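Read through the structure below, which is laid out as structure tokens, and then see the notes.
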Amino acid sequence: MTAENRVYKPKAISGFPEWLPEYRVVELAWLDRIRRVFESYGFCNIETPAVEEVDALLAAKGGDTQNEIYVLERLYADPVDEGKEARLALHFDLTVPMARYVAQNFNALVFPFKRYQLQKSYRGERPQKGRYREFYQCDIDIVNVDALPLQCDADLAAALLSAYKALDIPPVVMQLNNRKIVTGFLKGLGIEDATLATRTLDKLDKIGAKGVTDILSAAGIASDKITACLGLAAIRAHDSAFVVQVRALGVSHPELDEGLDELAFVIDQLAPQFGTQVLVNLGIIRGLDYYTGTVMEVRFADTKTFADLSIGGGGRYENLASAFINQKLPGVGASLGLTRLFGLLLDKNMITPGRKCPTDILVVLPEEARRTEAAATANTLRARGFNVELYHRDAKIKNQLAYAEKKNIPFVWFPPFKDDQPHEVKDLTSGQQSPADPATWERNS
RNA sequence: GCGGCCGUAGCUCAGUGGUAGAGCGCUUGGUUGUGGUCCAAGAUGCCGUGGGUUCAAUCCCCAUCGGUCGCCCCA
């Protein structure tokens, strides 16, 4: 082995998934179906650049996402240019770019603005199960000026859940809550540090009631208040029956009342269409601080098989674009985590692979002297809408057939091997072969 | 940013202090124009990288890089 034929051994870059053609074709089909569902609810598509200005991302930051931002730089940047151009970074979600887009095109858009985006997002974090550094997000949002009717929360949740239902995946459940219920409840109890309390309650499933109690009592919260919080977080319902259960805890606050009314409205809108696929779960909080009302989270119904990973979610935000425009723009948005969803199912061998190539017909090359003729046959078939490959070299028929077999090409076309011989087509599934005319042949003839 | 485990052929993995193997895959052949099976032959490895211990390291020790799982946070 000499230095010159030494290869750079390729390796997978952790967190940047890529699939084989037979799986990519499935992913593409899913993207198509999701798109169809979103459009069926009247959402229009936009695409924003992979990058935003760093300052724009930071201005609208939500949570701790800023330390996950990938910054763009030139490998050999000219020091003279330094500082002349705004620093760019890859977007970590699609909500911030959308907010910037809405602010920028404010006069040209019609409100309420309903849009979807199917694009990749980038996060510089340590990858692990179900977590990627480059991943598809299928985002839908509704944004309006000044006020956004609660009906939009229900519509958006319906559009999101319908997208999952359009895919060949195990059953999912959408869990719903309203931030105002949680914050109002905490205020009613007189708990000051709402952030700590909500964040801790959000981990209830993971660390258990004891874990939550330990953390909250260490923060100086009285045990009867902790018990009340745990009682709230334990409430589940498929309809507005949860309101009575919350009232029974004996806490009252105007914000709590507001949240209860809102969530009751949303669940009553969704229950007739989705039944038990929507679930009020007052233990769902979600991390992002900018949510102010409805929050939703989608998971597989079978939490044992798929861990308890969220495969999508979103919520209501009162003023998303305040960093970009002096207008009040409330919205509701959600994201379907396609890459996570796909990756989880792939791990479990639950994705049925598609074909390895789109080719419908392989045209056999009988011998070099008949190449022009065979190429003409291929073109005739292409013109009629078939996906056609002409075998790429003069080879034994056996090899040409084996190629078709390996690539899952369903039909092999035999042009004449001798003058005055008819064309023949072979169905590789059945093995049957019969004379055919390239100008008139149909698949199921 | 922190912790656990792991790095041997394209893939999945065995293995030994004296420089390596299997299965799958790949290439070719089993004659004249026909695949999947079967049979035969063949190619492919700085045993992640750097240092240390040793007569000798793929194996032991250290470091480093990479992978993976978890914490944090999130789709």
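Note that the coordinates shown come from a computational prediction; the quantities given were computed from them, not determined experimentally. Just so we're on the same page: letters track the sequence lines, and every chain starts at 1. The figures here come from the full heavy-atom set of this structure, side chains too, leaving out hydrogens, waters and symmetry mates.
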Between A/Phe43 and A/Tyr116, ring centroids under 6.0 Å: no
Can you give the dot-bracket line for RNA chain B, using ( ) for pairs inside the strand, [ ] for pairs that cross earlier ones, | for pairs with another strand and . for unpaired bases, where Watson-Crick and G-U count if both distances are under 3.5 Å? (((((((..((((....[..)))).(((((.......))))).....(((((..]....))))))))))))....
Hey, could you give me each pair passing side-chain hydrogen bond (donor to acceptor under 3.5 Å, both in side chains) that has a residue in residues 13-27 of chain A? Not counting sequence neighbours. A/Trp19-A/Glu27, A/Arg24-A/Glu27, A/Arg24-A/Tyr136
Between A/Arg340 and A/Pro127, which is nearer to the 5' end of RNA chain B once each is assigned its nearest nucleotide? A/Pro127
Across all chains, not counting sequence neighbours, the side chain to side chain contact (heavy atoms under 4.5 Å, CB included) partners of A/Leu109 are A/Tyr101, A/Val102, A/Asn105, A/Phe111, A/Phe113
Expressed as a whole number of angstroms, how long is the span from A/Leu309:CG to B/G70:C1'? 12 Å
Applying a 4.0 Å non-hydrogen cut-off, can you work out what A/Leu428 is touching in the nucleic acid: base, sugar-phosphate, or nothing? base
Suppose we screen for salt bridge (Lys or Arg N to Asp or Glu O under 4.0 Å). Which residues come up paired with A/Arg236, at least two apart in sequence or across chains? none
Nearest-angstrom distance from the residue atom CD of A/Gln432 to P of B/G36: 19 Å
Using salt bridge (Lys or Arg N to Asp or Glu O under 4.0 Å) as the criterion, list what pairs up with A/Arg131, not counting sequence neighbours. A/Glu125
NA contact type, A/Lys418, heavy-atom cut-off 4.0 Å: base, sugar-phosphate, or nothing? nothing
Give one of base, sugar-phosphate or nothing for A/Ser14, where a contact means two heavy atoms less than 4.0 Å apart. sugar-phosphate
Would you list the protein and nucleotides 2-9 of chain B atom pairs, both N or O, that sit under 3.5 Å from each other?
none

Look at the side chain of A/Arg123 and the base of B/A75, then say whether one donor and one acceptor between them are separated by less than 3.5 Å. yes
Return each pair, listed once, that meets salt bridge (charged side-chain N to carboxylate O under 4.0 Å, His left out) where at least one residue sits in residues 151-178 of chain A; pairs must be two or more places apart or across chains. A/Arg33-A/Asp168, A/Asp153-A/Arg316
For RNA chain B, which residues of residues 394-414 of chain A approach it to below 4.0 angstrom with any heavy atom? A/Lys396, A/Ile397, A/Lys398, A/Leu401, A/Ala402, A/Glu405, A/Lys406, A/Phe414
Does A/Leu72 have any side chain to side chain contact (heavy atoms under 4.5 Å, CB included) partners at least two apart in sequence or in another chain, and if so, which? A/Val51, A/Leu88, A/Leu90
Counting only distance, no hydrogens or angles, is the base of B/A75 paired donor-acceptor with the side chain of A/Glu125 under 3.5 Å? yes
Pairs where residues 347-389 of chain A contributes a residue and the test ring pair (Phe, Tyr, Trp, His ring centres under 6.0 Å) is met, not counting sequence neighbours: A/Phe386-A/Trp441
Kindly write out the residues that satisfy side chain to side chain contact (heavy atoms under 4.5 Å, CB included) with A/Cys357, not counting sequence neighbours, or none if the list is empty. A/Thr359, A/Glu389, A/Lys407, A/Ile409
Would you please confirm or rule out a distance under 4.0 Å between OP1 or OP2 of B/C74 and any side-chain N or O of A/Ser310? no
With a 4.0 Å cut-off, would you call A/Glu262 and A/Arg179 a salt bridge? no
Just the rounded figure in Å: distance from P of B/A75 to CD of A/Gln128. 14 Å
Who are the ring-ring contact (aromatic ring centres under 6.0 Å, His included) partners of A/Tyr391, not counting sequence neighbours? A/Tyr403
It should be established whether A/Lys206 places a side-chain nitrogen or oxygen under 4.0 Å from OP1 or OP2 of nucleotide B/C71. yes
